[in-house]
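Structure, as structure tokens:
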Amino acid sequence: MSSLFLERLGVTQPLVLAPMSGASTPALVAAVSSAGGLGSHGAGYLAPQAILDDAAKIRALTDRPFALNLFVLPDDFHEDEPAIDFARATLDTLMEREGLAIRSSLPERWAPRFSDQFAALCEARPAVASFTFNLLTPAQLRELKRRGITVVGTATSVAEARAWAELGADAVSLQGAEAGGHRGTFLHEPEEAMIGLFALLPLAARAVDIPLIAGGGIMDGRGMLAAELLGATVSQLGTAFLACPESSAAQAWKQDLAQADDVRITTIRSFSGRAARGLRNHYVEAMKPYEARLPAYPVMNALTAPLRRAAAAAGRGDLISEWCGQAATLSRPMPAAALVTTLLQEYAQARHRLA
Ligand SMILES: Cc1cc2nc3c(=O)[nH]c(=O)nc-3n(C[C@H](O)[C@H](O)[C@H](O)COP(=O)(O)O)c2cc1C
């Protein structure tokens, strides 16, 4: 099944660059795809035209297959006005205290319309489309398949893996609790589905018979082999690529990864209104007491956008969302193509040692 699936993905190596909204760029995606892995572009925050533009940019840089990834969301969102007012007042106080000249504002839309993003993705026709935050509808899945697009769904539990398999996805991307970025959980409360990859992989391998893509805390070739031994067909690495020059993570964020000790990496709701794993920095500490009163995703995400932009421009890593997985200090800042080569060498050596 493994080699057939890799063939289907059009890749020669068992390595997927995780989609990383806020950090992935066409250059990063193309570099990984050109080096034999599958580059994925996190398009969850992008407007439909930007999805089409980025797909064209990737195609201009590589003729290898790549993946586009979206957040499955409703087209319209609940607006909890008291929570919005509270969040704005809290953010404004924080920004004033921290000496940032910007203040919160109400955006035109809280997030791009998912149905428009989905239509753009279909038009862009990547080899692979991956999804997180929820299931697709059967009609959406059929539409992707009609266009010959391989469909991958994200799961953080056995039940979610089963749900994607029953829907007809081609593969499941398992997101262990170690993983950086937003939790993809959709059938449970996020804190209930914090299952480590070492437990989740063999459990899911027993429950579903479609290929498994393993993500969460994998930073080198040894980790890739370990995931394979536990039932994965391919490893998906995100944090390992954050410090690459092709990643658009803010400079301060890239630098802070080196000091992101395991105990400083936590789940955070205060940046976006949805649980996500990242560095416990000054913003996270300051907003912790208010987390329960803040609006849900994507409203909170839109409200913190001006602050995050201003803080990044001012080099204030302590005020931005520094998403990363639990093994972030193992990251190696080097060009993405060199990192792919290093990972694949380590993977081959680990296989050899085991044999
Ligand atoms: C900065 C960042 C952004 C992310 N954005 C997305 C995203 O847009 N879509 C998605 O499915 N997963 C996203 N993830 C989660 C990854 O797909 C993956 O689960 C995770 O990176 C794997 O764990 P690792 O970071 O320890 O390698 C993101 C992760 C990071 C670190």
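Please read all numbers here as calculations on a predicted model, not as lab measurements. Note that ligands are numbered from 1 as they come in the structure, with each ligand's atoms numbered from 1 the same way.
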Within a strict 4.5 Å, meaning less than it, do heavy atoms of the [X] and [Y] side chains meet?
X: Met194; Y: Arg183; result: yes
X: Val340; Y: Gln13; result: no
X: Val11; Y: Val234; result: no

Heavy-atom nearest neighbour in the protein, as seen from [atom], with distance rounded to 0.1 Å:
atom: atom 26 (O) of ligand 1; answer: Gly217 N, 2.8 Å
atom: atom 5 (N) of ligand 1; answer: Ser21 N, 3.1 Å
atom: atom 11 (O) of ligand 1; answer: Asn69 ND2, 3.1 Å
atom: atom 12 (N) of ligand 1; answer: Pro19 O, 3.6 Å
atom: atom 16 (C) of ligand 1; answer: Ala18 CB, 3.7 Å

Give the numbers and elements of all ligand 1 atoms closer than 4.0 Å to a heavy atom of [X].
X: Gln236; answer: 17 (O)
X: Phe71; answer: 7 (C), 8 (O), 9 (N)
X: Trp253; answer: 1 (C)
X: Thr132; answer: 9 (N), 10 (C), 11 (O)
X: Gln175; answer: 15 (C), 19 (O)

Does atom [atom1] of [X] have more than 12 heavy-atom neighbours, drawn from other residues, nucleotides or ligands, at distances under 6.0 Å?
X: Arg351; atom1: CZ; value: no
X: Phe86; atom1: CZ; value: yes
X: Arg293; atom1: CZ; value: no

Among Met20, His41, Glu322, Gln326, closest by heavy atom to atom 4 (C) of ligand 1 is Met20
Compute the minimum heavy-atom distance from [X] to ligand 1 and say whether it is under 4.0 Å.
X: Gly216; result: yes
X: Ala240; result: no
X: Phe241; result: no

Could you list the donor-acceptor pairs under 3.5 angstrom formed by side chains in residues 186-193, with sequence neighbours left out?
residue, atom, partner, partner atom, Å
His188, NE2, Ser157, OG, 2.6
Glu192, OE1, Glu189, N, 3.3

Between [X] and ligand 1, is there a nitrogen or oxygen pair with a distance under 3.5 Å?
X: Ala179; value: no
X: Thr154; value: no
X: Trp323; value: no
X: Gly180; value: yes
X: Thr239; value: yes
X: Gly238; value: yes

With a cut-off of 3.5 Å and sequence neighbours excluded, list every side-chain donor-acceptor pair involving residues 253-260.
residue, atom, partner, partner atom, Å
Trp253, NE1, Trp323, O, 3.1
Lys254, NZ, Cys244, O, 2.9
Lys254, NZ, Ser247, O, 2.9

The answer for which part of Phe133 has a heavy atom under 4.0 Å from ligand 1 is neither
Logged contact type for Phe131 with ligand 1, heavy-atom cut-off 4.0 Å, is neither
Do Phe71 and Tyr45 have ring centroids that are under 6.0 Å from one another?
-> yes
Notebook entry, point to check: When the ring centroid of His182 is compared with that of Phe133, is the distance short of 6.0 Å?
Noted result: yes
- Query: Taking the inter-plane angle between the rings of Tyr283 and Phe271 on a 0 to 90° scale, is it parallel (under 30°), tilted (30 to 60°) or perpendicular (over 60°)?
  - Reply: parallel
Checklist entry - Gln175 side chain to Thr154 main-chain N or O, any donor-acceptor pair under 3.5 Å? => result no
Rounding to 0.5 Å, atoms OG (Ser235) and CG (Leu212) come to a distance of 11.0 Å
